Amino acid sequence: MNIAKNTVVTFSYVLKKTTGEEVDRAEPDDPMSYLHGHQNILLGLEQALEGGTIGDKLDVNLSAANAYGVRVEGREQRVPIKHLMAKPKKLVKGAMVKVNTEQGPRDATVVKAGKFNVDIDTNHPLAGVDLCFSVAIHEVREATPEEISHGHAHGIGGHHH
Ligand code: ZN
């Protein structure tokens, strides 16, 4: 079976910046599943996987614009530390935090931390970064009617209710 709309795809991957730095991975023994054609993964990756099948291995290069977007200047702001929704133990430059914005909760990166306030950048941490996914396709199957109505994959590597 080939990957098409309303198939469930199980795959493992290594995600690297084009500079070689690893960002994320899903190991072959702990793969990820998604419902194809419902924008559950980055569109550029979904398009590259279209038509693929079990056993395929491919490298997918995505420019920043096709991945997490380009960096937008002026997205730095100072917020009280107590207003952060989620933060690591140490607030250091580059640490990830979560803030509530008018558009809802957003991931942000620490630019500078003070005693009571922190300067954050609400660009996505991977904004402006060109990425390469090295993907291996483990399984392709038809989605169940329930998965299609939910808009996501169930089972191993997918959603659990
Ligand atoms: Zn569901």
Side-chain angles (χ1 to χ4, degrees), residues 1-18 21-72 75 77 79 82-89 94-110 120-161:
M1 177 175 288
N2 291 92
I3 296 172
K5 189 173 167 75
N6 295 332
T7 57
V8 170
V9 182
T10 303
F11 69 106
S12 58
Y13 67 88
V14 178
L15 174 61
K16 288 181 176 176
K17 298 181 183 180
T18 48
E21 186 188 337
E22 186 174 318
V23 176
D24 190 20
R25 64 163 62 213
E27 299 285 359
D29 59 1
D30 187 20
M32 173 179 161
S33 296
Y34 77 95
L35 176 63
H36 190 83
H38 293 255
Q39 292 186 25
N40 288 318
I41 61 171
L42 289 172
L43 186 61
L45 181 59
E46 190 165 51
Q47 285 168 344
L49 291 173
E50 177 95 20
T53 191
I54 298 171
D56 281 0
K57 288 187 162 74
L58 63 163
D59 287 337
V60 182
N61 289 295
L62 295 179
S63 66
N66 287 321
Y68 293 96
V70 295
R71 290 190 66 81
V72 178
R75 285 218 177 140
Q77 52 181 290
V79 298
K82 62 182 180 186
H83 286 182
L84 296 177
M85 300 169 68
K87 60 181 169 65
K89 276 189 184 144
M96 298 270 304
V97 295
K98 207 176 263 293
V99 289
N100 212 351
T101 70
E102 285 168 4
Q103 293 84 38
R106 286 191 79 125
D107 290 325
T109 312
V110 173
I120 56 166
D121 184 337
T122 58
N123 279 296
H124 189 282
L126 291 174
V129 178
D130 296 330
L131 297 170
C132 179
F133 282 90
S134 296
V135 177
I137 300 171
H138 299 264
E139 193 192 349
V140 183
R141 64 169 170 84
E142 299 241 31
T144 65
E146 191 186 31
E147 287 173 320
I148 294 168
S149 75
H150 285 199
H152 56 228
H154 292 161
I156 296 166
H159 280 256
H160 299 274
H161 295 289

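Quick note: residue numbers are just sequence positions, from 1. Atoms within a ligand are numbered from 1 in the order they appear, just like the ligands themselves. Everything numeric in this text was worked out from a predicted model, so none of it was measured.
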| Under 3.5 Å, is there a donor-acceptor pair linking the side chains of Ser12 and His138? | yes
| Residues Arg75 and Asp121 bridged, charged N to O under 4.0 Å | no
| query | Which pair of heavy atoms, one from Leu131 and one from Ala67, lies closest together, and at what distance? | reply | CD1-CB, 3.8 Å
| Between Glu147 and Arg141, is the closest basic N to carboxylate O distance under 4.0 Å? | yes
| task | For residues His159 and His154, establish whether the separation of their ring centroids is below 6.0 Å. | result | no
| message | Would you say Asp59 and Ser134 are linked by a side-chain donor-acceptor pair, where the criterion is simply a distance under 3.5 Å? | response | yes
| Taking the Zn ion (ligand 1) as the center, what protein N, O or S atoms are found at less than 2.8 Å? | His150 ND1, His152 NE2, His154 NE2, His161 NE2
